[in-house]
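Remember, it's 1-based here, ligands and their atoms both numbered in the order they're listed.
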Amino acid sequence: MRRRSLVLLGAAGLYSTLTGCGDDEEGFNLKNAPTGTITLGFSQVGSESGWRLANTKSIQKSAEYHNIDLRFDNAEGSQERQIAALHSFIDAKVNVIAFSPVVESGWTQVLTRAREAGIPVVLTDRLIDAADEDLYVSSIGAEFVSEGNLAALYLGLDFQTTKGQVNVVEILGTPDSTPTKQRSQGFAATVSRDNKLRVIDKETGNWSKEGGATAMRKLLRRNPKIDAVFAQNDEMGLGAVTVLQAAGQEPGEKPRIATVDATKAGLQGLVDGKLNYVVECSPIIGDLLMSVVVDLFHGGSVDKRIASEKAVFNKESAVAALPSRPY
Ligand code: GYE
């Protein structure tokens with residue numbers, strides 16, 4: 001969904017293209033526009049993957065370009081630390097709070113406090129429990145269910161002429177995080193419509209390469225015949241590749257492997273023939289976020305859901321994309 005922004009920010013300052021001045025509900029009433037620097041409190045999940053590092057860079061670069069005072073905290077995977085950061089942003093009376101929730105549950109108390117303090121909250125990347133949907137004004141991120149659909153769809157194409165059941169194992173991200181839940185949901189929905197693919201086992205890899213390797217070792221011990229692997233991000237898929245090679249298997253041939261993110265490392269895995277499909281989940285959402293922040297600062301309306309870009313890479317498209325890959 002293209003972001004509708006009514007206010008443009010230049011490096012030199014703020015100017016606006018109004019679709020209707022004055023009290024027009026479509027435009028902004030900048031006659032009494034608040035002045036001064038916009039302060040944004042942002043709590044990041046951590047530094048667990050190339051995707052996350054690119055996401056952080058996108059947010060920091062865009063805040064600088066838009067002259068927004070970014071109060072940035074990296075929780076390094078701790079929900080407790082994220083909650084503490086959100087409280088500190090409320091205490092500091094920032095204009096807007098944004099964060100990527102490490103897991104979906106446990107946010108009601110702090111987000112209720114933000115609402116009572118009159119500070120709008122924007123979710124980036126991941127979501128929180130649906131019961132708390134009225135505690136944030138907008139969410140910007142990927143459609144994780146469709147990423148799971150695409151991974152299963154493309155893996156299924158590789159087994160159309162295979163006889164008998166195709167055994168698939170899944171390597172999951174952090175339990176209770178939105179991408180873990182929704183990528184699995186999407187993958188299972190497409191598998192249920194495929195008469196060969198069957199998910200026979202799952203293990204958590206917690207988004208890291210080491211975690212993916214550990215998960216793959218456990219899955220290999222439990223499942224002598226594995227035809228395909230769905231790893232929920234590139235790092236875990238590449239960790240699985242090292243274990244499969246050590247076990248004398250030929251990842252990319254057997255088993256076939258699909259991952260999500262489309263980082264440089266993931267595309268390199270495609271070029272090297274170790275991965276077969278990589279679903280893109282763009283981390284570059286800094287400008288989308290700052291556009292929402294500026295609109296909120298000026299009392300504008302924002303969309304409740306803003307989806308980021310996605311695509312699917314194979315070896316050929318990875319060869320073409322890798323040289324100019326931004327992350
Ligand atoms: O797939 C993974 C990161 O929330 C979409 O988190 C993000 C996921 C991404 O650790 O690499």
Is the shortest N/O to N/O distance between Trp51 and ligand 1 below 3.5 Å?
no
Among Gln232, Arg183, Glu235, Arg126, which one puts a heavy atom closest to atom 6 (O) of ligand 1?
Arg126
How far is atom 5 (C) of ligand 1 from its nearest protein heavy atom, and which residue and atom is that?
Asp125 OD1, 3.2 Å
Starting from atom 10 (O) of ligand 1, what is the nearest protein heavy atom, named by residue and atom, and what distance separates them?
Glu48 OE2, 2.5 Å
Short side-chain to backbone donor-acceptor contact, Asp194 and Lys196, under 3.5 Å:
yes
Check: Tyr136 ring centre within less than 6.0 Å of Trp107 ring centre:
no
The single option from Thr39, Leu40, Ile90 that satisfies side-chain contact (heavy atoms from CB on, under 4.5 Å) with Ile97 is Ile90
Which atoms from ligand 1 have a heavy atom of Ser49 less than 4.0 Å away?
2 (C), 3 (C), 10 (O), 11 (O)
Classify the angle between the aromatic ring planes of Tyr277 and Tyr154 as parallel (below 30°), tilted (30 to 60°) or perpendicular (above 60°).
tilted
Using 4.0 Å as the upper bound for N to carboxylate O, is an ion pair formed by Lys274 and Glu250?
no
Which residue supplies the protein heavy atom nearest to atom 2 (C) of ligand 1, what is that atom called, and how far is it?
Asp261 OD2, 3.5 Å
Which atoms of ligand 1 are found less than 4.0 Å from any heavy atom of Pro179?
4 (O)
Trp207, any N or O under 3.5 Å of ligand 1 N or O
no
Both conditions, 6.0 Å and 45 degrees, for the charged tip of Arg325 above the ring of Tyr327: are they met here?
yes
